[in-house]
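Remarks on the structure that follows.
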There are 2 protein chains.
Amino acid sequence: MIQPATGQGPLYRQTRDLMIRRIADGDWEPGQRLPSEWDLADEFGVSQGTVRKALNDLADENMVLRHQGRGTFVASHTSQRELFHFFHLEAPGGVRQLPVTSRLVGVSSRRASRDDMERLGLSTNAHVVDIQRVRDLGGKPVISEHITLAAKRFPSLAQEDDPPNELYQFYEQRFGMTVHRAVEQLRAIAAGAWEAEQLGVKRGAPLLEINRIAETVDGTPIEWRRSRCNTQNHQYLSEILK
Amino acid sequence: MIQPATGQGPLYRQTRDLMIRRIADGDWEPGQRLPSEWDLADEFGVSQGTVRKALNDLADENMVLRHQGRGTFVASHTSQRELFHFFHLEAPGGVRQLPVTSRLVGVSSRRASRDDMERLGLSTNAHVVDIQRVRDLGGKPVISEHITLAAKRFPSLAQEDDPPNELYQFYEQRFGMTVHRAVEQLRAIAAGAWEAEQLGVKRGAPLLEINRIAETVDGTPIEWRRSRCNTQNHQYLSEILK
DNA sequence: TCTTATATGTCTTATATAGGAATTTTGATG
DNA sequence: CATCAAAATTCCTATATAAGACATATAAGA
């Protein structure tokens, strides 16, 4: 099917946008191989060079992965990716490792608060699911996490009594929701009674609070997460490459 | 002058590396306009397309800026860039603004400690310069900063009694040292007597500590900076685009 | 002098061609 | 069936050409 130029901006950009739409709509699923550059060029009615530029742009944005000789694949969540892009706590030596153990505090459902509605772009009367857990690093509890999701987007999640440790893979495989980017806001807070108990620190001890909003490819916010971390033996890594 | 292929890797990569070298060596200075794509192609003995790919890569890495019709320029530090890439504290509304006022605590010189030597890649007996200041946001003291630099790389800096607020521009214009990337490590700490006084908080209040190492284009670490921030009314922003 | 064309220089977009590199598939052979 | 060689597939590198967009310098005219 030839897609005529929609008219806006350069061809490679329009081509990129069409492909993003396919990923966002699930026409191309995570892990799936895309048609070859030549086939896509045919399909979109542009030259192979134009498709190539669009694909390389998508690769730069981590929406697809390209492998010489094998093909181009829609990005999917692996432990590697989760560690590299979405987990920023490291031990002093620079060692980063995903928590392998965590203690589930609870999964529950409730009406969305005003804050939830704003953060997740929900309408009144929407329901949300809360997941609370404590994650271990180096054998000790270090992160107290509170996660909020729209119940509608994650049906039957509230009944889940043992969500896996790596949630983004779970979201993707089970609910077809792929997290693509996130924004985190950090501040220092004093541990309350709850965190003190969960993390084994004194009340009032300084903790690093990370508030994250995670979005899909098309920019829809699907997860809000508050992590309170004991940074006695760990630190948050932020690379400024630009 | 034709530069024969040095032999390693693809041509566009070699071309990129040659141009990085020119920037790192100061052959091309910050703000300076590069020769046109065609002239560079001539000079390096490759095609214009290859030079173009190399230049676009450099632009992606923020080493150069490209403007249609005007030319390609070596990146230099402006207030804009400093704010966008190197200043991550924002007010709750998402408003970010560089501190316009700051109180200089002192500039002094001393022998490098073992930590300094490691952090800045110095040899024994090297000297360093310390700058300490308190930066204001919204009219109130929010950041207590301690900056350490190699005295050799910043001659006569120790005599400076009023360094400007935007140091990276100062480093570049006065000492020819351009900061290109940085790594920050964050943790939550409790305010000591010193920070409590400087920032107007109680002793033991939670503060966000940011330890930054800033590097030049060729990866030499030139600045170590410890910022302790009152995050009562501000937060650190971290975007995860990848 | 000021304004308005014109020309020039530079980057941008789009296409085409050709060969190389990495991987997978196919087919022949034992 | 197992193994190895050949072919096919896919992405990667490099070059060339041509036209368009944007900005600035130059020249002509009022």
Side-chain angles (χ1 to χ4, degrees), chain A residues 2-20 22-23 28-29 31-76, chain B residues 2-20 22-23 28-76 78:
Chain A
I2 290 175
Q3 309 255 179
T6 52
Q8 291 285 45
L11 274 181
Y12 71 84
R13 185 85 190 177
Q14 296 176 39
T15 305
R16 162 190 173 280
D17 291 345
L18 284 172
M19 294 196 286
I20 287 182
R22 295 207 176 174
I23 294 172
W28 291 339
E29 295 188 358
Q32 189 181 328
R33 199 181 85 180
L34 272 56
S36 74
E37 292 178 349
W38 287 100
D39 288 352
L40 287 170
D42 252 25
E43 191 173 351
F44 292 128
V46 299
S47 74
Q48 170 269 342
T50 298
V51 167
R52 182 169 175 74
K53 179 151 175 56
L55 284 172
N56 282 336
D57 286 355
L58 290 184
D60 288 343
E61 300 171 72
N62 287 304
M63 294 203 192
V64 300
L65 297 175
R66 315 202 71 191
H67 301 285
Q68 186 173 7
R70 298 214 287 128
T72 303
F73 303 81
V74 180
S76 72
Chain B
I2 292 175
Q3 309 254 178
T6 52
Q8 293 285 47
L11 274 179
Y12 72 85
R13 185 85 189 176
Q14 295 175 40
T15 306
R16 164 189 171 278
D17 292 344
L18 285 172
M19 294 196 286
I20 287 183
R22 294 207 178 173
I23 294 172
W28 290 341
E29 296 187 358
Q32 188 181 326
R33 199 182 84 177
L34 273 53
S36 74
E37 292 178 350
W38 287 99
D39 288 351
L40 287 170
D42 253 24
E43 192 174 352
F44 292 128
V46 298
S47 74
Q48 171 268 343
T50 300
V51 167
R52 182 167 174 74
K53 178 151 177 55
L55 284 173
N56 282 337
D57 285 354
L58 290 184
D60 288 343
E61 300 172 73
N62 288 304
M63 295 205 190
V64 301
L65 297 175
R66 316 202 70 190
H67 301 284
Q68 185 174 10
R70 297 213 291 127
T72 304
F73 303 81
V74 180
S76 72
T78 62

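We name chains A, B, ... by the order of the sequence lines, and we start the count at 1 in each one. Computed from a predicted structure; not experimentally measured. Side chains are part of it too, since the values below use all heavy atoms of this structure and drop only hydrogens, waters and symmetry mates.
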Minimum heavy-atom distance between Ser76(B) and Pro30(B), given as atom pair plus value: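 Taking Ser76(B) first and Pro30(B) second, the nearest heavy atoms are CB-CB, 3.6 Å.
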
Would you name the heavy atoms of Glu29(B) and Val74(B) that are closest together and state the gap between them? O-CB, 3.3 Å

Which nucleotide in the list [options] gets nearest to the side chain of [X]?
| X | options | result |
| --- | --- | --- |
| Thr50(B) | dA14(D), dC11(D), dC11(C) | dA14(D) |
| Val46(B) | dC11(D), dC12(D), dT15(D) | dT15(D) |
| Gln68(B) | dA22(C), dT15(C), dC11(C) | dC11(C) |
| Tyr12(B) | dC12(D), dT15(C), dT13(D) | dT13(D) |

Under-4.0 Å side-chain N/O to phosphate OP1/OP2 contact, [X] with [N]:
| X | N | value |
| --- | --- | --- |
| Arg33(B) | dT10(C) | yes |
| Thr72(B) | dT10(C) | no |
| Arg52(A) | dC12(D) | yes |
| Arg66(B) | dT10(C) | no |

Nearest 0.5 Å, what's the [atom1]-[atom2] distance between [X] and [Y]?
| X | Y | atom1 | atom2 | value |
| --- | --- | --- | --- | --- |
| Met19(B) | Asp17(B) | CE | CG | 9.5 Å |
| Leu11(A) | Leu18(A) | CG | CG | 10.0 Å |
| Asp60(A) | Arg16(A) | CG | CZ | 10.5 Å |

Can a donor-acceptor pair be found, under 3.5 Å and without considering hydrogens, that links the side chain of Gln8(B) to the backbone of Gln14(B)?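 No, Gln8(B) side chain to Gln14(B) backbone: no donor-acceptor pair under 3.5 Å.
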
Per nearest nucleotide of DNA chain C, the residue lying toward the 5' end, Gly69(B) or Pro10(A), is Gly69(B)

Report the distance from atom [atom1] of [X] to atom [atom2] of [N], rounded to the nearest whole Å.
| X | N | atom1 | atom2 | answer |
| --- | --- | --- | --- | --- |
| Glu37(B) | dA14(D) | CD | P | 16 Å |
| Trp38(B) | dT8(C) | CH2 | C1' | 16 Å |
| Asp42(B) | dT15(D) | CG | C1' | 14 Å |
| Leu55(B) | dC11(C) | CG | P | 7 Å |
| His67(B) | dT24(D) | NE2 | C1' | 14 Å |
| Asp39(B) | dC11(C) | CG | C1' | 13 Å |
| Asn56(B) | dC12(D) | CG | P | 17 Å |
| Arg70(A) | dT23(C) | CZ | C1' | 8 Å |

Using the closest heavy atom to pick a nucleotide of DNA chain D for each, name whichever of Lys53(B) or Gln48(B) lands nearer the 5' end.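 So the residue in question is Lys53(B).
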
For the pair Leu34(A) and Leu55(A), evaluate side chain to side chain contact (heavy atoms under 4.5 Å, CB included) and give the outcome as yes or no after the intermediate values. CA-CA 10 Å; Leu34(A) 272 56; Leu55(A) 284 172; 3.8 Å; yes

Full working for side chain to side chain contact (heavy atoms under 4.5 Å, CB included) between His67(B) and Arg33(B): CA-CA 11 Å; His67(B) 301 284; Arg33(B) 199 182 84 177; over 6 Å; no

Report the secondary structure of DNA chain D in dot-bracket form, marking unpaired bases with a dot and bases paired to a different strand with |, and treating Watson-Crick or G-U pairs with both distances under 3.5 Å as paired. ||||||||||||||||||||||||||||||

